Amino acid sequence: MAKVRVTKEFRFEMAHLLWKYDGLCKNVHGHSYILFVTVKGDIIDDTDNPKQGMVIDFGDLKRIVKEEIVDPLDHSITVNQNAPIDHLNLYSERIIRVPYQPTCENMVVDFAQKISRRLPAGIELVTIKLHETGSSFAEWFADDNK
């Protein structure tokens, strides 16, 4: 059987602030995020399997990533759970508190954990690439985290 990598792209809008940061990003600001999720596995070679010829149904990967990442974060304000931001509730009903500084780097680590635990048996997460802007992104690689 052949190991193949497949990638799906996702887009979402999210605001955040970097608590205690020493630059402009300490203020609430938003990004149009582009997320690339790459998984690998064997191509299904069972003629009785409706997914024959696939590593994973793109629809199944889409469902996992939308449920774990895109739907909860899209059009939210994401902040460190320790940041004193109670006044933001006046402006948004989608405040997401996370146990880390919501940098692009920390988000790819969090996303990798959430996606990995939902993948079907035999499918491995290979890499996650998260574009915060057109020229700035963070990447997580499974090989770097073994």
Side-chain angles (χ1 to χ4, degrees), residues 1-19 21 24-83 85 88-146:
M1 288 193 222
K3 286 267 188 222
V4 174
R5 296 175 185 209
V6 295
T7 302
K8 183 123 180 83
E9 176 182 321
F10 302 87
R11 294 173 182 257
F12 61 97
E13 308 295 325
M14 188 189 87
H16 67 158
L17 61 87
L18 301 181
W19 183 48
Y21 181 66
L24 289 175
C25 292
K26 66 184 173 190
N27 300 298
V28 176
H29 63 286
H31 299 283
S32 295
Y33 287 93
I34 304 172
L35 173 66
F36 297 90
V37 176
T38 302
V39 299
K40 75 176 177 181
D42 292 322
I43 296 173
I44 298 168
D45 193 28
D46 177 359
T47 57
D48 293 327
N49 189 322
K51 310 291 186 186
Q52 180 190 14
M54 300 177 180
V55 170
I56 186 173
D57 187 320
F58 283 115
D60 292 340
L61 183 56
K62 178 181 178 180
R63 179 181 39 77
I64 291 167
V65 176
K66 282 185 60 61
E67 288 175 3
E68 292 292 332
I69 313 301
V70 177
D71 290 348
L73 295 180
D74 192 31
H75 286 80
S76 73
I77 301 173
T78 301
V79 298
N80 182 302
Q81 67 188 10
N82 299 312
I85 51 85
L88 283 179
N89 292 331
L90 298 173
Y91 305 103
S92 177
E93 53 191 47
R94 290 185 56 109
I95 308 285
I96 307 295
R97 291 179 173 265
V98 292
Y100 54 82
Q101 186 79 301
T103 60
C104 200
E105 297 90 334
N106 281 330
M107 288 192 295
V108 294
V109 172
D110 181 38
F111 295 177
Q113 293 168 349
K114 289 177 177 175
I115 294 167
S116 290
R117 67 177 175 240
R118 295 275 312 270
L119 291 173
I123 304 298
E124 299 173 52
L125 184 61
V126 175
T127 186
I128 293 178
K129 182 176 184 179
L130 180 64
H131 275 262
E132 190 169 87
T133 68
S135 61
S136 301
F137 59 89
E139 290 181 283
W140 176 94
F141 289 90
D143 286 347
D144 295 342
N145 292 282
K146 290 185 178 181

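If you're wondering where the values come from, they're calculated on a predicted model, not measured in any experiment.
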(request) Measure the spacing between OG1 of Thr133 and CD1 of Ile34 and express it to the nearest 0.5 Å. (result) 9.5 Å

(request) Answer yes or no: is there a side-chain heavy-atom contact under 4.5 Å between Glu139 and Phe36? (result) no

(request) Spell out, as yes or no, whether a donor-acceptor pair under 3.5 Å connects the side chain of Ser116 to the backbone of Ala112. (result) yes

(message) Taking CZ in Arg94 as the centre, count heavy atoms belonging to other residues, nucleotides or ligands within less than 6.0 Å. Is the count above 12?
(response) yes

(request) Could you check whether the rings of His31 and His16 sit parallel, tilted or perpendicular, using 30° and 60° as the cut-offs? (result) perpendicular

(request) Supply the atom-to-atom distance Ile64 CD1 to Ile115 CD1, rounded to the nearest 0.5 angstrom. (result) 8.5 Å

(request) Compare every heavy atom of Ala83 with every heavy atom of Trp19, then report the nearest pair and how far apart it is. (result) CG-CB, 3.6 Å

(request) Rounded to the nearest 0.5 Å, what's the gap from CZ on Phe58 to NZ on Lys8? Could you check? (result) 7.0 Å

(request) Any chance you could measure Tyr33, atom OH, to Phe111, atom CZ, to the nearest 0.5 Å? (result) 8.0 Å

(request) Can you spot which of Val37, Thr38, Thr7, Asp143 makes a side-chain contact (heavy atoms from CB on, under 4.5 Å) with Val126? (result) Thr38

(message) Using every non-hydrogen atom in the two residues, find where Pro102 and Leu17 come nearest and quote the distance to one decimal.
(response) CG-O, 3.6 Å

(message) Any side-chain to backbone donor/acceptor pair from Asn145 onto Phe141? Under 3.5 Å, distance only.
(response) yes

(request) Could you tell me whether the side chain of Glu9 reaches within less than 4.5 Å of the side chain of His131, counting heavy atoms only? (result) no

Could you go through residues 69-81 and list every donor-acceptor pair under 3.5 Å that involves a side-chain atom there, pairing it with any protein atom two or more places apart or in another chain?
unit_1: Asp71; atom_1: OD1; unit_2: Lys66; atom_2: NZ; d: 3.1
unit_1: Asp74; atom_1: OD1; unit_2: Glu13; atom_2: N; d: 2.8
unit_1: Ser76; atom_1: OG; unit_2: Leu73; atom_2: O; d: 2.7
unit_1: Ser76; atom_1: OG; unit_2: Thr78; atom_2: OG1; d: 3.2
unit_1: Asn80; atom_1: OD1; unit_2: Asn82; atom_2: N; d: 2.7
unit_1: Asn80; atom_1: OD1; unit_2: Asn82; atom_2: ND2; d: 3.3

(request) Quick one: closest heavy-atom pair of Ala138 and Val108, and the distance? (result) O-CG1, 3.8 Å

(message) Restricting to non-hydrogen atoms, name the atom on Asp57 and the atom on Lys51 that form the minimum distance, rounded to 0.1 Å.
(response) OD2-NZ, 2.6 Å

(message) Using 0.5 Å steps for rounding, measure from the CG atom of Leu125 to the CD atom of Gln113.
(response) 11.0 Å

(message) Let me confirm one number: the NE2-CE distance from His29 to Met14, rounded to the nearest 0.5 Å.
(response) 8.5 Å

(request) Of all the heavy-atom pairs spanning Leu119 and Glu124, show the shortest one and how long it is. (result) CD1-C, 4.0 Å

